[in-house]
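These notes concern the structure reproduced below.
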Amino acid sequence: MDKLHQTLMRYFGYDSFKTGQEDIIQSVLNQKDTVAMLPTGGGKSICYQIPGYMTDGLVLIISPLLSLMEDQVERMKMRGEKRVAALNSTLSFQERRHIIRHLPSYKFLFVAPEALMSEMLLEQLKSMHIGLFVVDEAHCISEWGHDFRPEYSKLGEWREALGHPVALALTATATKQTLKDTVQTLRLQHPDFHIHSVNRPNIALVKEAHETKEAKEKRAIELVEYLQGPGLIYCPTRQMTEDMALIMKQKTHQRVEYYHGGMDAGDRMLIQQQFISGQLDLICCTSAFGMGIDKADIRFVIHMSPPQSIEAFMQEIGRAGRDGKKSVSILLYTEEDADIQQHLIQAEGFDEPEIDFFLARLTQMQTNDEKKLREQLMESGLQETRARMLIHYYRMYQSDEPRVLLMKLKEKLQDRQTEKLRKVWQFKERITDHGCFRQSLLSYFYEQLDQTESASSDSCCSSCGLDLSDYEKKDQPLELNEMKHWKTVLDRMFHLTKEAQH
DNA sequence: CGTATAATGTCTAGACATTATACGGTGCTCTAGT
């Protein structure tokens with residue numbers, strides 16, 4: 001047995017790697033910057049943990065969500081790893097200071113990109129040897145980067161400040177453009193790419209056109225009654241998640257809750273846990289639900305309208321069928337759906353007078369302090385996310401002369417909007433197309449459907465002919481459900497669930 | 001674009017219709033001090 005497999009066995013108790021893992025680890029061990037795309041549930045965390053054990057230095061993991069970090073830390077601790085911590089705002093000041101002061105005694109450190117703004121942390125990290133710089137869920141770099149979480153676009157700068165440690169970017173869904181963004185933003189040099197298909201043959205793809213919103217709702221109720229659960233319903237707004245959950249509670253016999261970003265953290269955690277442990281059959285949610293949800297047996301995902309991009313859609317349907325069993329994704333849409341998205345995007349853009357106005361505000365201010373700039377703009381009536389985006393580009397071109405600055409700013413904001421609109425349009429195009437839906441989605445990632453590995457036509461997509469009765473609810477006696485629930489609880493207690501770590 | 005709330009308008013003065021406006025989704029950060 002080679003050293004790689006010995007490490008795998010010693011720390012994780014597995015005797016073989018999943019597809020792709022070994023090559024990715026090898027690449028990192030060879031000191032190559034690496035970009036890896038593995039399907040959801042493909043075992044991404046092993047790809048940085050094993051190199052961590054086999055090399056010197058701290059493994060710094062940039063993670064987008066607090067819950068994700070905490071989840072990972074907990075799992076690693078349950079496995080027996082003590083030298084791991086997540087540094088974030090859930091800790092008290094003392095706890096944070098303690099971790100920063102004792103950084104050399106840690107092997108794995110999880111942080112959000114925003115945390116690297118802290119001088120104290122950055123200085124301490126600079127004085128250490130960083131063995132590996134990991135960016136988890138790397139598609140966030142381009143998806144959330146400039147306008148939503150601008151710190152994502154500074155990761156490259158920070159990596160350089162830390163002495164250019166080897167980088168590993170991990171994701172499940174990325175287009176060529178996203179990969180390019182990742183390479184650029186992280187300032188990777190001649191990286192190794194390990195790209196695996198985004199296709200999930202066990203998820204059948206259905207799309208249905210309806211005339212009205214009411215018709216979609218009616219259909220959703222039918223589906224929830226008919227289909228084998230558990231399931232998810234993705235809604236475009238927070239309001240709608242609550243409405244749908246109410247309707248479903250009244251009209252179906254399912255245990256239902258809603259979930260969105262506006263709820264407090266405790267409720268969100270509770271519902272997520274109840275769903276994972278099998279005490280809920282259905283969750284009506286916005287796009288806030290999903291990342292880091294490790295539930296293997298989700299059987300269906302219904303979309304009440306198309307999300308803003310094909311990537312987002314793939315991420316969301318990818319939450320179904322992680323156990324490899326037959327699952328189904330159903331997209332309900334009306335003709336107008338894409339138009340709404342389009343208007344939303346246009347509404348968040350800046351028109352010329354707005355740019356002039358806010359730019360004047362920015363240049364008037366004698367400070368370069370990000371916080372103060374943001375406060376000022378928000379006082380002038382700008383939303384936080386828009387203010388941050390504007391400041392980001394403003395600082396990028398600040399050293400140029402005013403006219404050039406204005407020109408570049410306008411150009412950037414325009415590009416950003418055009419790009420978003422293009423994504424909506426590209427999705428719309430594929431929804432109205434009558435060819436194989438699966439092939440059509442894969443073509444967005446420049447993939448060809450491989451006939452040998454693909455699903456047979458009766459479980460491919462609605463365009464290829466699909467029999468929904470394959471996904472019909474199997475009546476299970478209640479006791480069996482209860483037993484299954486308790487088995488899950490016990491397994492979790494003793495950490496026996498395979499999918500937990502692998 | 002579509003929906004929810006706020007503001008205005010109406011006619012046996014407090015409820016009710018009409019019109020105007022805002023917003024829609026995703027999340028991190030952090031004080032302070034012996």
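The basis for the numbers below is simple: all heavy atoms, side chains too, and nothing from hydrogens, waters or symmetry mates. Note on naming: letters A, B, ... go to the chains in the order of the sequence lines (proteins, then strands), and numbering restarts at 1 for each one.
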Taking any heavy-atom pair under 4.0 Å as a contact, classify [X]: base, sugar-phosphate, or nothing.
X	value
A:Arg374	nothing
A:Pro307	nothing
A:Gln94	base
A:Gln308	base
A:Thr237	sugar-phosphate

Do you see a donor-acceptor pair shorter than 3.5 Å between the side chains of [X] and [Y]?
X	Y	result
A:His343	A:Gln341	no
A:Thr178	A:Thr175	yes
A:Thr173	A:Gln315	yes
A:Glu447	A:Ser197	yes
A:Gln254	A:Thr252	no
A:Thr90	A:Glu70	yes

Practice prompt. Identify, between A:Ser67 and A:Met240, the residue whose nearest nucleotide on DNA chain B lies closer to the 5' end.
Written response: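 Comparing both residues, the 5'-ward one is A:Met240.
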Worksheet entry | Given DNA chain B, 5'-ward residue of the pair A:Phe93 and A:Leu66, judged by closest heavy atom |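 Nearer the 5' end of the strand: A:Leu66.
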Between [N] and [M], how far apart are the two [atom1] atoms, rounded to whole Å?
N	M	atom1	answer
B:dA13	B:dA17	P	16 Å
B:dT5	B:dG25	P	13 Å
B:dC16	B:dT12	P	15 Å

Discussion item. What stems show up for DNA chain B when you take Watson-Crick pairs (N1-N3 plus N6-O4 or O6-N4) and G-U wobbles (N1-O2, O6-N3), both under 3.5 Å, and require three or more consecutive pairs?
Written reply: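 Counting only runs of 3 or more consecutive pairs, the stems involving DNA chain B are B:1-11 with B:14-24.
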Worksheet item: Which word best sums up how the rings of A:Phe110 and A:Tyr48 line up, parallel for under 30°, tilted for 30 to 60°, or perpendicular for over 60°?
Response: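 Taking A:Tyr48 first and then A:Phe110, their aromatic rings stand perpendicular (interplane angle over 60°).
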Worksheet item: Which of parallel (below 30°), tilted (30 to 60°) and perpendicular (above 60°) describes A:Trp144 and A:Phe148?
Response: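 A:Trp144 vs A:Phe148 ring planes: perpendicular.
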Worksheet entry | Sole candidate of A:Val84, A:Leu87, A:Leu58 that passes side-chain contact (heavy atoms from CB on, under 4.5 Å) when paired with A:Tyr106 |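 Exactly one option meets the side-chain contact (heavy atoms from CB on, under 4.5 Å) with A:Tyr106, and it is A:Leu58.
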Fill in: Result of checking A:Arg200, A:Lys295, A:Arg299 against A:Asp323 for salt bridge (charged side-chain N to carboxylate O under 4.0 Å, His left out)
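With A:Asp323 as partner, salt bridge (charged side-chain N to carboxylate O under 4.0 Å, His left out) holds for just one option, A:Arg299.
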Practice prompt. Considering non-hydrogen atoms only, spot the tightest contact between A:Leu38 and A:Lys44 and give its length.
Written response: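 The answer is O-NZ, 3.6 Å.
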Worksheet item: Is B:dA4 in the syn or the anti form, by the rule that syn lies within 90° of 0?
Response: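 B:dA4: anti.
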Discussion item. Give the residues of residues 113-123 of chain A touching DNA chain B, defined as any heavy atom closer than 4.0 Å, sorted by residue number.
Written reply: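 A:Glu114 - these, ordered by number, are the residues of the stretch whose heavy atoms sit under 4.0 Å from the strand.
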Worksheet entry | Span of DNA chain B in contact with chain A (heavy atoms, under 4.0 Å) |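 The contact span of chain A on DNA chain B goes from B:dC1 to B:dT34.
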